[in-house]
Asker: 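One structure follows; several queries about it will come next.
Keep in mind that the numbers below use all heavy atoms, side chains included, and drop hydrogens, waters and symmetry copies. In what follows, chains carry the letters A, B, and so on, assigned in the order in which the sequence lines appear, proteins first and then strands, with residues in each chain numbered from 1.
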There are 2 protein chains.
Amino acid sequence: MDTDPASDIMRVWVRLLRIEQRVRKTVEAKLKNAGLPALVWYDVLLELERAGDAGLRQRDIQQHTLLERYNVSRLVDRLRDAGLVKRKPAADDGRGSVVHITSQGRALRAAMWPVYSQAVKGAFPAQLSEQDHGRLLSLLERL
Amino acid sequence: MDTDPASDIMRVWVRLLRIEQRVRKTVEAKLKNAGLPALVWYDVLLELERAGDAGLRQRDIQQHTLLERYNVSRLVDRLRDAGLVKRKPAADDGRGSVVHITSQGRALRAAMWPVYSQAVKGAFPAQLSEQDHGRLLSLLERL
DNA sequence: ATGATTTTGTTGCAATTACAACAATAGATA
DNA sequence: TATCTATTGTTGTAATTGCAACAAAATCAT
């Protein structure tokens, strides 16, 4: 077993971790500063918007966002309480429910986007070339 | 302002975010499964071990780990309660304290390393070449 | 069909993290 | 010096997340 702290993959991981923390932190701060909810709300609203009229099972939200089951359950509660989504019993599965975004939900997601987008851009001050972005993306895809 | 959801930098960010979530999740799960504490404990213990006899101010822990001030405060409390670190008043600064790792702390960090390391490797199944690792790392360094 | 297993979702409680206010010292400025 | 501001750290309380147990329905195996 490789126990070298400086191994390639660990270097990549640690670097990736720090970048994620730094960017997430600034994004969350700017969202809060703009009076908007946290990033995870955006994530869920976006997935629901993409899902369209069919909506999404909570299970699907879980898979898309990598949230835990119980966190999805409670987050959907909060989104519903805020009028951003609706829960309906699943027609073909007596256990679960289907979640649909409301027009208020769509409006909030749209309002969050420019703040989110700008915050991310601001947190990556280095201007990589289009080619570098492509290279980086294709390397990340392989992880 | 660019509001294109598919812009290069946002693609990179979203991909990076998902990778971080996936890997962190498996790492935390494997640590827990091995009866070991969470990743953030490892992070702090590692920084303290690197700092050596001089120890670290809590402020420095904060900067290295990107934790919030109050989280450092309470995490150091827990580490101290677990016998992994010691807090001493800072000689040259009446406000703060200096944190030192104990031998138990070093032992725990050492015990966590192989589990951590293997978990990360396992979470990156794709075998990138040494050259690709280098390319990826240098691109990440620029973010 | 029936019983066991898996999947889906919820909930009480514990642990952690976030927010806001605070105290104490250090450092800067008049 | 005296005062103002910034830095460092703590703590009460609220919000969120994690853990464990649970319920209900679907799926599988016999």
Asker: Please confirm whether the shortest side-chain N or O distance from B:N71 to OP1 or OP2 of C:dA18 is below 4.0 Å.
Answerer: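 Yes.
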Asker: Give the first and the last nucleotide of DNA chain D, reading 5' to 3', that has any atom under 4.0 Å from a heavy atom of chain B.
Answerer: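 So the contact region on DNA chain D extends D:dT7 to D:dC19.
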Asker: Can you name the residues that form a side-chain contact (heavy atoms from CB on, under 4.5 Å) with B:E130, not counting sequence neighbours?
Answerer: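 Applying side-chain contact (heavy atoms from CB on, under 4.5 Å) to B:E130 gives A:D8.
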Asker: Would you say A:V98 and A:V76 are hydrophobically clustered, going by side-chain heavy atoms of ILVMFWY under 4.5 Å?
Answerer: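 Different clusters: A:V98 never reaches A:V76 through Ile, Leu, Val, Met, Phe, Trp or Tyr contacts under 4.5 Å.
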Asker: Which pairs pass salt bridge (charged side-chain N to carboxylate O under 4.0 Å, His left out) with one or both residues in residues 26-35 of chain A, sequence neighbours excluded?
Answerer: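 Passing the test, one end in residues 26-35 of chain A: A:R24-A:E28.
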Asker: Rounded to whole angstroms, how far apart are NZ on A:K25 and P on C:dA18?
Answerer: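 Atom NZ in A:K25 sits about 9 Å away from atom P in C:dA18.
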Asker: What residues form a side-chain contact (heavy atoms from CB on, under 4.5 Å) with A:A34, not counting sequence neighbours?
Answerer: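 With neighbours one apart ignored, the set is A:L36, A:V115.
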Asker: Quick one: what's the B/S/- string for nucleotides 7-13 of chain C, heavy-atom cutoff under 4.0 Å, read 5' to 3'?
Answerer: BBBBBBB
Asker: Would you mind reading off the distance between B:D92 atom CG and C:dA24 atom C1', rounded to a whole angstrom?
Answerer: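 In whole Å, C:dA24 C1' lies 16 Å from B:D92 CG.
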Asker: Nearest whole Å is fine: how far is C:dA18 P from A:Q21 CD?
Answerer: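 Taking CD of A:Q21 and P of C:dA18, I get 11 Å after rounding.
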Asker: Checking B:E49 now: which residues fulfil side-chain hydrogen bond (donor to acceptor under 3.5 Å, both in side chains) with it, not counting sequence neighbours?
Answerer: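 Residues passing side-chain hydrogen bond (donor to acceptor under 3.5 Å, both in side chains) with B:E49: B:R109.
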Asker: Bend across the helix from C:dA1-D:dT30 to C:dA30-D:dT1, to 10°, with axes taken over 5 pairs at each end?
Answerer: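 Comparing the first five pairs with the last five, the axes sit 30° apart.
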Asker: Can you pull out every ring pair (Phe, Tyr, Trp, His ring centres under 6.0 Å) where at least one residue sits in residues 52-84 of chain A? Sequence neighbours excluded, please.
Answerer: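 Non-adjacent pairs meeting ring pair (Phe, Tyr, Trp, His ring centres under 6.0 Å): zero.
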Asker: Output all residues satisfying side-chain hydrogen bond (donor to acceptor under 3.5 Å, both in side chains) with B:R78, sequence neighbours left out; order by chain, then residue number.
Answerer: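 For B:R78 there are no side-chain hydrogen bond (donor to acceptor under 3.5 Å, both in side chains) partners, ignoring immediate neighbours.
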Asker: Using the test side-chain hydrogen bond (donor to acceptor under 3.5 Å, both in side chains), find all partners of A:Q21 that sit at least two apart in sequence or belong to another chain.
Answerer: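 A:R18.
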Asker: Sequence neighbours left out, what passes side-chain hydrogen bond (donor to acceptor under 3.5 Å, both in side chains) with B:Q62? Give chain and number order.
Answerer: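 side-chain hydrogen bond (donor to acceptor under 3.5 Å, both in side chains) list for B:Q62, sorted by chain: empty.
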Asker: Could you list all the salt bridge (charged side-chain N to carboxylate O under 4.0 Å, His left out) pairs where at least one residue sits in residues 52-62 of chain A, not counting sequence neighbours?
Answerer: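 For residues 52-62 of chain A: A:R57-A:D93.
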